[in-house]
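Below is one structure, written out as structure tokens; the observations come after it.
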Amino acid sequence: MQDGRTTLSKFLIDTLDRKPGPEVASGLSALLIDVAASIKTIAAALTRGALGAQHGSAHSVNTHGEEQKKLDLVTNDIFLQHCEWDGLLAGMVSEEMEHVYAIAEPYPRGEYLLAFDPLDGSSNIDINGVVGSIFSVLRRGCHQTGAPDDASFLRPGREQVAAGYAIYGPSTMLVLSVGNGTHGFTLERDVGNFVLTHSDIRIPDDSCEFAINVSNERFWEPPVRRYVQECKDGRTGCRAQDFNMRWIASMVAEVHRILMRGGVFMYPRDFKTPEMEGRLRLLYEASPMSFLVEQAGGLSITGRERILDVEPKALHQRVPVILGSRNEVARIQRYHSEYDRGEDKPFTSPLFKERSLFLPETEA
Ligand code: AFP
């Protein structure tokens with residue numbers, strides 16, 4: 001007997017197992033159920049808050065030189081434990097592990113590759129703010145049977161067979177795409193089921209809301225400064241409408257808001273740390289989020305190119321990210337093109353009358 005609701009298992013069986021396409025092999029639904037089990041376990045651990053004795057620093061740094069929280073390591077282990085045994089994965093990569101985690105004895109090796117950020121926005125943990133997990137699934141060529149290496153994972157985001165995130169907020173949600181739209185499931189805690197509550201999410205093409213860490217403004221490139229300044233100028237400026245701003249310091253929370261009601265999220269290229277191309281990591285942050293955003297009708301770019309077309313060169317590569325409502329992101333891309341061609345119009349805002357304000361701090 002059906003109760004009229006669609007659980008994650010039913011959705012995946014209907015979508016993948018009963019309608020196999022040429023690109024989707026069996027086992028993907030089972031793998032995603034294991035990912036969902038990791039998410040439920042993480043949700044339970046986070047709900048205990050400070051009572052779980054897992055708050056605070058782990059007194060270690062990750063491959064990016066960032067301080068690891070105890071929960072960064074705990075949630076990483078939860079993903080490994082739930083996903084390594086099932087014979088579906090060949091290997092895993094995560095923000096918290098420097099090297100590829102190849103599946104080894106006693107577990108059989110499968111044909112999928114999982115990249116994940118187990119706890120996005122972990123600076124929010126100690127303030128009981130929203131955090132998330134992000135994941136991306138690739139499929140290896142069937143002739144590749146040995147242990148996966150870095151090269152196995154260095155594939156453009158357009159090749160993902162599934163991507164998703166969990167948001168641990170007032171409710172826990174899993175937002176997922178297997179290439180047929182973006183769908184949201186809400187965790188029914190007492191039963192332990194993810195139930196489809198947001199079918200075929202669509203990002204509005206237009207929006208008056210943007211999200212960016214304005215404390216980095218002096219390091220941005222001129223096209224991003226131009227866009228944000230025009231938003232701040234509001235109805236008295238050239239956009240002739242007021243904009244609102246948000247910043248939650250968790251990409252998951254920002255992308256979730258954009259999927260729910262539109263907007264733009266930017267972590268653009270800047271000159272704060274010139275050796276870094278951006279802040280967010282391509283394989284397990286930017287690529288999966290771009291997949292979800294595009295599947296929901298939005299756009300996701302570096303400023304100059306589609307993120308899903310970026311060819312990765314390193315496991316933990318960073319990339320600039322500008323994503324969200326189609327018309328706003330297209331406008332920002334146009335601003336980059338005009339700037340690169342030297343065609344951008346002079347700004348009307350008083351802030352931009354001084355040439356020094358156009359320049360990155362290192363050049364001013
Ligand atoms: P972590 O994954 O290390 O917690 O970083 C989160 C994040 O990469 C991303 O989710 C946010 O957009 C960004 O950091 C926020 O950083 P700042 O507020 O420090 O600019």
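All values derive from a computational prediction rather than experimental measurement. Counting convention: from 1, in listed order, for ligands and their atoms alike.
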protein heavy-atom neighbour closest to atom 14 (O) of ligand 1 works out as R279 NH2, 3.0 Å

Side-chain ion pair, R158 and D309, N-O less than 4.0 Å: yes

Ligand 1 atoms nearer than 4.0 angstrom to some heavy atom of D120 are 2 (O), 4 (O), 6 (C), 9 (C), 10 (O)

Using a 4.0 Å cut-off to any heavy atom of R281, which atoms of ligand 1 qualify? 8 (O)

Kindly determine whether E277 and R318 satisfy salt bridge (charged side-chain N to carboxylate O under 4.0 Å, His left out), including the steps that lead there. CA-CA 6 Å; E277 255 299 284; R318 297 178 191 255; over 6 Å; no

One residue to check: Y284. Relative to ligand 1, which of side chain, backbone, both or neither has a non-hydrogen atom less than 4.0 Å away? neither

For the student: nearest non-hydrogen atoms of S287 and L283, plus distance: CB-O, 4.1 Å

Dump the intermediate steps for salt bridge (charged side-chain N to carboxylate O under 4.0 Å, His left out) on R281 and E95, then the final yes or no. CA-CA 8 Å; R281 294 72 169 190; E95 180 178 345; 3.2 Å; yes

What I want to find out is whether E188 reaches R5 closely enough, with some N-O distance under 4.0 Å, to be called a salt bridge. yes

Location of contacts on D117 toward ligand 1, heavy atoms closer than 4.0 Å: side chain

Charged N to carboxylate O below 4.0 Å: is that the case for R139 and E111? yes

What do you reckon, does M251 have a nitrogen or oxygen under 3.5 Å from a nitrogen or oxygen of ligand 1? yes

Note the single closest protein heavy atom to atom 3 (O) of ligand 1, along with its residue, its atom name and the distance in Å. E95 OE2, 3.2 Å

Please determine whether any non-hydrogen atom of E254 lies less than 4.0 Å from an atom of ligand 1. no

Provide the number and element of each atom of ligand 1 under 4.0 Å from a heavy atom of S250. 10 (O)

Counting from 1 in the order shown, the ligand 1 atoms closer than 4.0 Å to a non-hydrogen atom of E285 are 2 (O), 8 (O)

Does a donor on one side chain and an acceptor on the other come within less than 3.5 Å for S29 and D17? yes

Which ligand 1 atoms does L280 reach within 4.0 Å, using its non-hydrogen atoms? 8 (O), 9 (C)

Between D233 and Q229, do the side chains contain an N or O donor and an N or O acceptor separated by less than 3.5 Å? yes

Contacts under 3.5 angstrom, residues 97-108 side chains, donor-acceptor by atom type, not counting sequence neighbours:
residue : atom : partner : partner atom : Å
Y101    : OH   : E84     : OE1          : 2.6

N327-D206 side chain donor-acceptor pair, cut-off 3.5 Å: yes

Residue portion contacting ligand 1 (non-hydrogen atoms closer than 4.0 Å) for S122: both

Just to confirm my output: which protein heavy-atom neighbour is closest to atom 18 (O) of ligand 1, and how far is it? W247 NE1, 3.0 Å

What part of M266, side chain, backbone, both or neither, has a heavy atom within less than 4.0 angstrom of ligand 1? neither

Would you mind checking which non-hydrogen protein atom is closest to atom 1 (P) of ligand 1, with the distance to 0.1 Å? G121 N, 3.7 Å

Among all the protein's non-hydrogen atoms, which is closest to atom 20 (O) of ligand 1, and how far away is it? Y267 OH, 2.4 Å

